[in-house]
Amino acid sequence: MKIIHVVGARPNFMKIDPIMAEVAASPDIFEQTLVHTGQHYDDEMSKVFFDELSIPPPDVHLGVGSGSHAEQTARVMLAFEPVLLREQPGLVLVVGDVNSTLACTLVAKKLHVPVAHVEAGLRSFDHSMPEEINRLLTDQLASLLFTTERSANENLIREGVGEEKIHFVGNVMIDTLLKHKDRAMVLDVLEHFEVEQKNFALLTLHRPANVDKPDVLAGIFAGLAEIQQRIPVLFPAHPRTIKQVRQYGFEESLTAMSNLRVTEPLPYLEFLNLMANARMVLTDSGGIQEETTILGVPCLTLRENTERPVTVAQGTNIVVGPDPQKMIDECLLILEGGDKKGNIPELWDGQAARRIVDILGKMVE
Ligand code: UD1
């Protein structure tokens with residue numbers, strides 16, 4: 001069976017790594033092609049992940065770049081259709097919830113090519129998030145839905161997805177973390193950024209709901225201004241966030257925080273090392289909520305909700321929203337030793353990709 005894998009944006013790369021490795025181990029059953037849509041194109045948002053992980057270079061690069069949601073989604077669709085017509089795969093495999101995920105799903109479905117969605121069924125129930133729209137529609141169209149936590153199965157069944165299509169397999173992002181952690185931990189990242197083990201907070205911020213609204217972003221920065229007086233903060237900033245900071249003229253409120261350091265977005269292994277060594281992580285990312293749970297590092301999620309409830313119910317995640325006072329209060333609790341102790345969620349054992357590929361193999365039999 002010929003599989004086309006789709007990646008487009010930063011969080012896709014670590015998800016496809018273990019799947020492609022497992023597929024490559026059965027060359028008698030599968031042939032695979034990697035399509036990179038080019039949604040993320042800066043070296044530090046894309047190329048570094050190919051350099052550090054074990055993903056082969058893309059066979060096809062669509063080069064769509066940035067744009068409004070409609071532009072980006074439409075450009076991916078236009079560029080992906082001829083690839084599908086030429087390659088005639090038996091399956092298109094998409095991961096996550098970015099615009100590329102939905103765009104390629106739509107194209108494949110209309111050309112009657114079955115779609116497998118990895119990380120299906122996650123729901124924030126917040127329709128103002130572009131990712132939620134991508135998740136809802138992708139899951140309605142996919143023929144095979146691979147889930148990371150049991151709540152996702154429940155969401156899909158509630159939405160009328162046939163139970164026979166849903167497979168709870170665990171978390172491929174965690175496969176990647178466990179596979180590469182030893183390589184990450186020997187890097188001298190702490191020295192490089194002049195931070196001490198378990199004595200700094202790591203921050204990421206890029207969600208439109210936080211960075212596209214000046215009042216919300218100003219509130220988060222007000223919270224950070226307090227927090228960085230108690231613990232140094234390291235902030236690898238997403239290009240979207242930097243762009244908005246400049247647009248709102250907020251550079252000064254960042255530079256005024258003498259104990260907060262802004263860096264470029266970091267490569268995977270360097271960032272993993274920092275997460276593992278941080279006293280706490282503050283983030284609005286989806287994947288980082290899961291990675292901190294596995295690492296046992298406290299995570300304060302700067303969003304009103306999470307589509308990954310297992311990280312709260314069982315992991316180290318606390319959803320604090322963008323409220324500055326809540327951020328400060330939860331941060332102080334952690335500094336006083338009140339860390340939330342977590343457990344490892346079911347099937348987050350490094351074997352998710354193997355389970356996925358076993359199920360794909362059965363389709364071929
Ligand atoms: C996208 C995903 C989001 C994911 C995030 C991780 C969607 C709807 N969103 O959000 O789910 O968590 O990636 O990073 O698909 N930009 C650059 N260089 C790049 C990429 C982006 O400068 O390599 C800038 C562009 O100016 C662009 C902005 O960042 O306008 C946003 O990029 P975009 O791909 O639209 O969405 P993200 O915010 O990155």
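Order of listing sets the numbers, starting from 1, for every ligand and every atom in it. Here the structure is a predicted model, which is why all the values come from computation and not from measurement.
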(request) Starting from the C-alpha separation in whole Å, work towards a yes-or-no answer on salt bridge (Lys or Arg N to Asp or Glu O under 4.0 Å) for Arg230 and Glu226. (result) CA-CA 7 Å; Arg230 320 289 169 112; Glu226 289 275 328; 3.8 Å; yes
(message) Working note: His36 + Ser46, criterion side-chain hydrogen bond (donor to acceptor under 3.5 Å, both in side chains); need CA distance, chi angles, decisive distance, verdict.
(response) CA-CA 10 Å; His36 188 328; Ser46 175; 2.9 Å; yes
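- Of all the atoms in ligand 1, the ones that sit under 4.0 Å from a non-hydrogen atom of Ser66 are 25 (C), 26 (O), 27 (C), 30 (O).
- Between Glu131 and ligand 1, at least one pair of N/O atoms sits closer than 3.5 Å.
- Salt bridge absent: Lys362 and Asp358 never bring a charged side-chain N and a carboxylate O closer than 4.0 Å.
- By heavy-atom distance, the residue among Glu132, Arg10, His206 lying nearest atom 4 (C) of ligand 1 is His206.
- At a heavy-atom distance under 4.0 Å, only side-chain atoms of Met45, from C-beta outward, approach ligand 1.
- Under a hydrophobic clustering in which Ile, Leu, Val, Met, Phe, Trp and Tyr are joined whenever their side-chain heavy atoms come within less than 4.5 Å, directly or via other members, Leu34 and Leu91 fall into the same cluster.
- For Arg207 and Glu131, the salt-bridge test passes: some basic side-chain N is under 4.0 Å from an acidic carboxylate O.
- Close approach of ligand 1 to Asp97 (heavy-atom distance below 4.0 Å) involves ligand atoms 11 (O).
- For ligand 1, the atoms closer than 4.0 angstrom to any heavy atom of Gln72 are 34 (O), 35 (O).
- Atom numbering of ligand 1 starts at 1 in the shown order; those under 4.0 Å from a heavy atom of Pro11 are 4 (C), 6 (C).
- Heavy-atom proximity to His69, at under 4.0 Å, picks out these atoms of ligand 1: 8 (C).
- Of the possible polar contacts, none joining the Glu22 side chain to the Val357 backbone as a donor-acceptor pair under 3.5 Å is found.
- Of all protein heavy atoms, the one closest to atom 2 (C) of ligand 1 is Val98 CG1, 3.6 Å.
- The shortest N or O to N or O distance between Gln39 and ligand 1 is below 3.5 Å.
- Nearest protein heavy-atom neighbour of atom 8 (C) of ligand 1: Asn99 OD1, 3.3 Å.
- A side-chain donor-acceptor contact under 3.5 Å links His238 to the backbone of Arg240.
- Nearest to atom 17 (C) of ligand 1 among the protein's heavy atoms is Tyr41 OH, 3.2 Å.
- Atom 36 (O) of ligand 1 has Arg240 NH2, 3.9 Å as its closest protein atom, hydrogens excluded (heavy atom only).
- Remark: among candidates Ser285, Pro239, Gly8, Ala9, the nearest residue to atom 22 (O) of ligand 1 is Pro239, based on non-hydrogen atoms.
- Among all protein heavy atoms, the one lying closest to atom 30 (O) of ligand 1 is Lys243 NZ, 3.2 Å.
- In this structure, Asn277 contributes its side chain and Gln197 its backbone to no donor-acceptor pair below 3.5 Å.
- Without hydrogens or angle criteria, Gln140 side chain to Leu136 main chain gives no donor-acceptor distance under 3.5 Å.
- Tested against Arg135, the residues Glu307, Glu119, Glu159 include a single salt bridge (Lys or Arg N to Asp or Glu O under 4.0 Å) partner, Glu307.
- Annotation: atom 13 (O) of ligand 1 to nearest protein heavy atom, His40 CE1, 3.2 Å.
- For atom 18 (N) of ligand 1, the closest non-hydrogen atom of the protein is Asp42 OD2, 2.8 Å.
- With salt bridges taken as basic N to acidic carboxylate O contacts below 4.0 Å, one links Lys47 and Asp51.
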